Amino acid sequence: QVQLVESGGGLVQPGGSLRLSCAASGSIFKINVMGWYRQAPGKERELVATITSGGNTNYADSVKGRFTISGDNSKNTVYLQMNSLKPEDTAVYYCNALVTIARFSSQYEARYWGQGTQVTVSS
């Protein structure tokens, strides 16, 4: 079973910064894609940013220019640097990973989610 452990959430004032981390562990053969989603109260979960093992990134329009996703392949860890935070960024942020799992002679792909970390932007 693959586990995703998140950290870095908290309370910050508008215009401030936070850095989220997500470390993957378990029987992982290869991490194909890691990313961040968020969900605010009463709203659907939305994609924030993704990064592939090759370093290709993708961002939601609402966070472009403010958020940066990066990864450390040797540590199976993904980061989300959030700058110029706005009250609209307040949400629970979830780490997500699409991985290839190798068990004996078989390989298969699976998606896993972290437990979520609260980010609150308020004065």
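As a basis for the values below, the full set of heavy atoms in this structure was taken, side chains included, without hydrogen atoms, waters or symmetry mates. Since we're looking at a predicted model, the values are computed, not measured.
- Atom CD of residue Q81 and atom CD1 of residue I69 lie 12.0 Å apart, to the nearest 0.5 angstrom.
- For the pair L47/Y59, no side-chain contact is recorded, criterion being any heavy-atom separation below 4.5 Å from C-beta on.
- Judged purely by atom type and a 3.5 angstrom limit, N96 uses its side chain to pair as donor or acceptor with the backbone of Y112.
- Taking all atoms of both residues into account, the shortest heavy-atom contact from S62 to R38 is OG-NH2, 3.4 Å.
- D89 has no carboxylate O lying under 4.0 Å from a charged side-chain N of K86, or vice versa, which leaves the two without a salt bridge.
- In this structure, R19 has no salt bridge (Lys or Arg N to Asp or Glu O under 4.0 Å) partners at least two apart in sequence or on a different chain.
- You'll find the side chain of F67 reaches within 4.5 Å of the side chain of V48, heavy atoms only.
- Qualifying side chain to side chain contact (heavy atoms under 4.5 Å, CB included) partners for V119, counting only residues two or more places apart in sequence or in other chains: L18, L20, M82, Y93, V121.
- A pairwise comparison of heavy atoms in I31 and I28 identifies CG1-CG2, 3.8 Å as the closest pair.
- Screening residues 21-30 for side-chain hydrogen bond (donor to acceptor under 3.5 Å, both in side chains) gives no qualifying pairs among residues at least two apart or on separate chains.
- For the pair L85 and Q13, the minimum side-chain heavy-atom distance is 4.5 Å or more.
- Geometric assessment of R45 against the ring of Y94 yields a positive cation-pi assignment under the 6.0 Å and 45° thresholds.
- T52 has its side chain out of reach of N32: every pair of non-hydrogen atoms, C-beta onward, lies at least 4.5 Å apart.
- In this structure, the separation between CD on E109 and OG1 on T100 is 5.0 Å, given to the nearest 0.5 Å.
- Q3 CD: 12 or fewer foreign heavy atoms inside a 6.0 Å radius.
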